[in-house]
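To start, the structure itself, in C-alpha cells.
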Amino acid sequence: QVQLVESGGGLVQAGGSLNVSCAASGRPFSSYAMGWFRQAPGKEREFVGCVTWSSGFQRYADSVKGRFTISRDNAKNTMLLQMNSLKPEDTAVYYCAARSLACTSYKGDYTSWGQGTQVTVSS
C-alpha cells in the first residue's frame, strides 16, 4: 500500500497557472500507475489524467488536454500536476490516486487515495 498526500492547491484567477503535488510514501513511484481526479461540489469525482511510470504512457481527459501536464520528481517521490490556462470550471478538490497496474480513467481501479487539495479558479 502507498500513502498519498496532496498539497499546493489555492486560489487563482482564470487564465492563470497552479501546480499541485502528490507525495508518496511506502513504495516507489516506479511500481505504480498514478492518477489525478477532481470533484466539484454536487458532482461525481472525475478523471483528470494518469501516468504509467514504467512505460511513460500518459492519458488526459479531453477537458484538460493541452492545459494540464503530469510529471514527477523521483528524488522526492513526488508527482506534480501542472495546470495552465485555468478556467472557473476547473474549480474542484483535486485527488491523487495509485494502482498497481496500468493507468486507467476509472476511479474504481485505484486502491490508494490522498485526502485532496482545493483548487479554486475565479472568473
Side-chain angles (χ1 to χ4, degrees):
Q1 196 79 355
V2 62
Q3 291 76 47
L4 305 172
V5 178
E6 302 92 338
S7 61
L11 174 64
V12 63
Q13 288 189 330
S17 298
L18 192 66
N19 296 336
V20 292
S21 299
C22 175
S25 61
R27 288 175 63 180
F29 270 162
S30 59
S31 61
Y32 281 88
M34 302 288 293
W36 284 101
F37 291 78
R38 65 187 183 186
Q39 188 166 17
K43 294 189 176 182
E44 293 287 323
R45 190 170 299 189
E46 66 175 8
F47 172 73
V48 173
C50 65
V51 57
T52 303
W53 298 121
S54 58
S55 65
F57 172 78
Q58 295 194 15
R59 180 179 178 182
Y60 295 91
D62 288 343
S63 59
V64 306
K65 201 172 294 182
R67 299 188 298 123
F68 290 13
T69 302
I70 297 172
S71 61
R72 69 177 174 178
D73 182 333
N74 286 333
K76 297 181 180 179
N77 218 34
T78 298
M79 176 173 66
L80 188 67
L81 178 66
Q82 299 169 281
M83 303 181 289
N84 298 317
S85 302
L86 282 161
K87 305 174 182 179
E89 52 263 44
D90 294 318
T91 295
V93 177
Y94 282 71
Y95 298 89
C96 65
R99 69 186 302 258
S100 58
L101 299 174
C103 166
T104 88
S105 62
Y106 178 50
K107 60 183 181 288
D109 287 337
Y110 291 81
T111 56
S112 298
W113 291 84
Q115 83 289 349
T117 186
Q118 177 70 47
V119 171
T120 303
V121 184
S122 63
S123 56

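Bear in mind that the values here come from a model prediction, so they are computed numbers and not experimental data. These values consider heavy atoms only, across backbone and side chains, with no hydrogens, waters or symmetry-generated copies.
The shortest heavy-atom contact between Tyr95 and Glu6 is CA-OE2, 3.2 Å. Closest non-hydrogen pair, Trp113 versus Phe37, comes out as CH2-CD1, 3.5 Å. Residues Ala40 and Ala92 approach most closely at N-CB, 3.8 Å, considering heavy atoms. The two atoms that bring Ala24 and Val2 nearest to each other are CB-CG2, 3.9 Å, heavy atoms only. Here the shortest heavy-atom pairing between Pro88 and Ser123 reads CG-CB, 3.8 Å. Met79 and Cys96 get closest at one heavy-atom pair: CE-CB, 3.8 Å.
Between Tyr106 and Arg99 there is no side-chain heavy-atom pair separated by less than 4.5 Å. Between Val64 and Arg38, the closest side-chain pair of non-hydrogen atoms falls below 4.5 Å. Counting heavy atoms from C-beta on, the side chains of Lys107 and Glu44 come closer than 4.5 Å. In this structure the side chain of Leu4 reaches within 4.5 angstrom of the side chain of Met34, judged on heavy atoms. Residues Asn84 and Ser17 have side chains in contact (heavy-atom distance under 4.5 Å, counting atoms from C-beta outward). Using a 4.5 Å cut-off on side-chain heavy atoms (C-beta onward), Ser100 and Thr111 make no contact. Looking at heavy atoms from C-beta onward, Thr104 lies in side-chain contact with Tyr110 at the 4.5 angstrom threshold. A 4.5 Å side-chain heavy-atom check between Ile70 and Tyr60 finds at least one atom pair inside the cut-off.
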Test side-chain contact (heavy atoms from CB on, under 4.5 Å) on Phe68 and Leu86; report intermediate values, then the result. CA-CA 9 Å; Phe68 290 13; Leu86 282 161; 3.8 Å; yes
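Annotation: the span from Gln82 atom CD to Leu18 atom CG amounts to 11.0 Å, rounded to 0.5 Å. Rounding to the nearest 0.5 Å gives a distance of 14.5 Å between CH2 of Trp36 and CD of Glu46. Between Gln118 atom CD and Leu11 atom CG the span is 9.5 Å, to the nearest 0.5 Å.
By the neighbour-count criterion of 12 heavy atoms within 6.0 Å, atom CD of Gln115 is densely surrounded, having more than that number from other residues, nucleotides or ligands.
Salt bridge status for Asp62 with Lys65: present, with a side-chain N to carboxylate O gap under 4.0 Å.
Each of Val5, Leu81, Val20 was compared with Thr117 under the side-chain contact (heavy atoms from CB on, under 4.5 Å) criterion, and only Val20 meets it.
Note on Val12 and Val48: same hydrophobic cluster, where clusters join Ile, Leu, Val, Met, Phe, Trp and Tyr whose side-chain heavy atoms are under 4.5 Å apart, directly or indirectly.
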